[in-house]
Amino acid sequence: MKPTVVVLAAGLGTRMKSVLAKALHPVAGRPLIHHVLNAVSGIEPEKIILVLGHQADKVRSAVGEYRPEIVLQTEQLGTGHAVQQAAAALSSGAGPVLVLCADTPLITSTTLQDVLDLHQKSRAAVTLITAMVDNPFGYGRVVRGKSGVTRVVEEKDATAAQKKIQEVNAGIYCFERKFLLSTISALGRSNAQGEYYLPDTIELANKKKLRVSAILCKDPNEVMGVNSRYDLSRAEEILCRRINRRWMLEGVTLLGPDAVFIGDEVRLGHDVMIYPNVRIEGRTRIGNGCVIYPGTRIVDSVIGDNVVVKDCSVIEESEIATLAIIGPFAHLRPKSVIGSRAKIGNFVEVKKSTIGEGSKANHLAYIGDATVGQDVNIGAGVIVCNYDGYGKYATVIEDNVFVGSDSQLVAPVKIGRGALIAAGSTITRDVPGDALAISRVPQESREGFASRRRKMKEKKAV
Ligand code: UD1
Ligand code: CA
């Protein structure tokens with residue numbers, strides 16, 4: 001029978017010392033809680049019940065894609081109390097109930113399936129996941145008797161001897177549904193924190209002479225709970241390594257993988273080569289054969305095949321077609337669309353503009369709110385003046401235009417097909433196709449002026 005899953009995420013996460021609910025802190029590029037929900041989705045549950053409290057609306061809107069049923073816990077009186085709030089939502093089904101906390105992002109579907117299988121095979125009332133850890137501080141300790149786990153003791157309730165136990169409770173349990181529903185209302189709160197503890201169900205199962213099973217997770221990292229920013233950094237490190245390893249096995253070359261960040265939602269083609277100190281974030285897609293040089297950050301962008309992004313470029317919410325070359329030191333701001341074989345070079349900033357196939361802006365340019373056709377050459381130092389202090393205006397540069405270096409195109413303005421803009425021009429009116437536009441003070445050369453001036457200065461100095 002398919003399990004129902006309950007995920008507890010009502011707590012604020014006081015130890016995070018943050019205004020943001022713990023479940024929403026980003027790890028490997030997505031909210032902490034997504035990692036737990038991804039692992040849960042892997043076992044195809046009948047439904048997911050999510051217990052929310054602190055910042056319930058924010059958490060709810062961050063998890064929509066998983067379609068959970070939301071239950072509110074208005075007062076956070078402990079993990080047992082949190083599950084009590086889900087009792088009504090659990091009353092209809094019949095399969096086992098898997099309960100997990102939103103703060104164990106490293107758990108895998110495989111381990112969740114293992115706990116379900118053992119639970120069903122052993123016909124237990126409750127099956128928990130435990131792990132042996134070097135530093136058990138903060139975790140509930142697993143107390144074992146002759147016939148297995150007898151109870152879990154929280155850090156704050158543990159005796160000095162119990163604190164030495166290195167087997168800890170992962171906070172992940174599989175319950176026989178009827179047992180859970182009858183026991184959850186019987187929990188007390190006479191403990192150091194005055195809370196209803198979910199792990200107390202284990203002691204209650206033993207009292208009723210029901211079976212308690214436990215599975216020792218081989219990789220203690222998997223059950224690591226994130227309670228502080230330090231824990232968050234460790235989880236990030238482990239998740240990023242897993243993601244990078246997966247991409248390397250899929251045919252991506254990572255040079256110095258520990259210094260490469262690839263967000264969990266990123267997708268890469270084969271034969272992509274990524275140098276150190278690169279961050280690829282959000283829902284970025286990168287095609288086959290791309291090379292991303294050091295120091296680059298790419299966010300929510302779509303990059304075609306065989307694109308080269310040279311060192312220290314920033315690419316945000318943009319699209320780049322095949323064989324384009326970006327950078328070094330280029331900045332593509334949101335809604336930039338770069339055509340095939342186009343080149344956006346050194347210190348060039350592009351904002352909300354389309355650059356046609358084969359067009360080039362190789363040095364020191366600003367292109368904002370512009371539509372640039374094919375095979376256009378934008379010379380060094382060209383500025384599209386798209387803003388007059390009040391509004392933004394559009395610029396159109398048609399196919400095969402040559403914009404000479406150090407020109408300014410004052411928007412709104414249109415440069416017709418094949419036109420030539422002379423270097424150093426300030427263009428304020430539309431330029432017809434095939435025309436030469438030149439707007440600069442005519443040059444004057446005064447012969448012999450320099451030596452006359454030198455003599456004058458030298459005379460004065462005497
Ligand atoms: C809990 C376990 C502990 C275990 C550890 C594993 C209890 C009493 N202790 O401790 O045995 O070793 O997890 O990581 O269960 N939550 C609510 N409502 C509440 C309280 C908590 O929804 O009223 C949620 C939190 O948002 C969090 C989860 O339950 O996602 C665990 O709460 P937390 O306070 O982190 O428990 P721990 O002290 O870590
Ligand atoms: Ca915790």
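By convention here, the first residue in the shown sequence is residue 1. Whatever order the structure lists them in is the order used to number ligands and atoms, beginning at 1. Treat the numbers as computed from the prediction; the structure is a model and nothing was measured.
The shell of residues lying under 4.0 angstrom from ligand 1, judged by heavy atoms, excludes Val51. The closest approach between a heavy atom of Gln73 and any atom of ligand 1 is below 4.0 Å. Under a 4.0 Å heavy-atom criterion, Glu195 is not in contact with ligand 1. Remark: distances from the non-hydrogen atoms of Leu77 to ligand 1 include one below 4.0 Å.
Those atoms of ligand 1 with a heavy atom of Ala102 less than 4.0 angstrom away are 30 (O). Every atom of ligand 1 is numbered from 1 in the order shown, and the set under 4.0 Å from a heavy atom of Gly140 is 3 (C), 4 (C), 11 (O), 12 (O). Taking a cut-off of under 4.0 Å to the non-hydrogen atoms of Ala82, the atoms of ligand 1 that pass are 17 (C), 18 (N), 22 (O). The distance from ligand 1 to the heavy atoms of Gly11 drops below 4.0 Å at these ligand atoms: 17 (C), 22 (O), 25 (C), 26 (O). Numbered from 1 in the order shown, with element, the atoms of ligand 1 that lie under 4.0 Å from a heavy atom of Lys22 read 35 (O).
Nearest to the Ca ion (ligand 2), among the N, O or S atoms that Asp103 has, is OD2.
The side-chain hydrogen bond (donor to acceptor under 3.5 Å, both in side chains) with Arg141 is formed by just one residue from the set Glu155, Glu154, Glu167; it is Glu155. Applying side chain to side chain contact (heavy atoms under 4.5 Å, CB included) to Pro96 and the options Leu116, Val5, Thr4, Thr127 leaves one that passes, Leu116.
Remark: Tyr293 OH to Cys312 SG distance equals 13.5 Å, nearest 0.5 Å.
Of the heavy atoms in Ala170, only backbone atoms (N, CA, C, O) come closer than 4.0 Å to ligand 1. Residue Glu155 does not touch ligand 1, judged by heavy-atom distances below 4.0 Å.
For the Ca ion (ligand 2), the set of nearby N, O or S atoms under 3.0 Å includes none belonging to Thr104.
Aromatic ring pairs are classed by plane angle as parallel below 30°, tilted from 30° to 60° and perpendicular above 60°; the pair Phe329 and Phe347 is parallel.
Between atom 36 (O) of ligand 1 and the options Gln76, Arg15, Gln85, Glu154, the minimum heavy-atom separation is to Arg15.
The pair Asp264-Arg30 counts as a salt bridge, with a side-chain nitrogen and a carboxylate oxygen less than 4.0 angstrom apart. Ionic pairing of Arg151 and Glu203 is present here: one or more N-O contacts between side-chain nitrogen and carboxylate oxygen are shorter than 4.0 angstrom.
In this structure, a donor-acceptor pair under 3.5 Å is absent between the side chains of Ser318 and Ser301. A side-chain donor-acceptor contact under 3.5 Å links Lys22 and Asn227. Between the side chains of His119 and Glu176, no donor-acceptor pair of N or O atoms lies under 3.5 Å.
In terms of polar-atom proximity, Leu198 is not counted as a contact of ligand 1, lacking any N or O under 3.5 Å from an N or O of the ligand.
When only non-hydrogen protein atoms are considered, atom 15 (O) of ligand 1 lies nearest to Thr79 OG1, 2.6 Å.
Under the 3.5 Å distance criterion, the side-chain polar atoms of Ser353 are matched with a main-chain donor or acceptor of Lys351.
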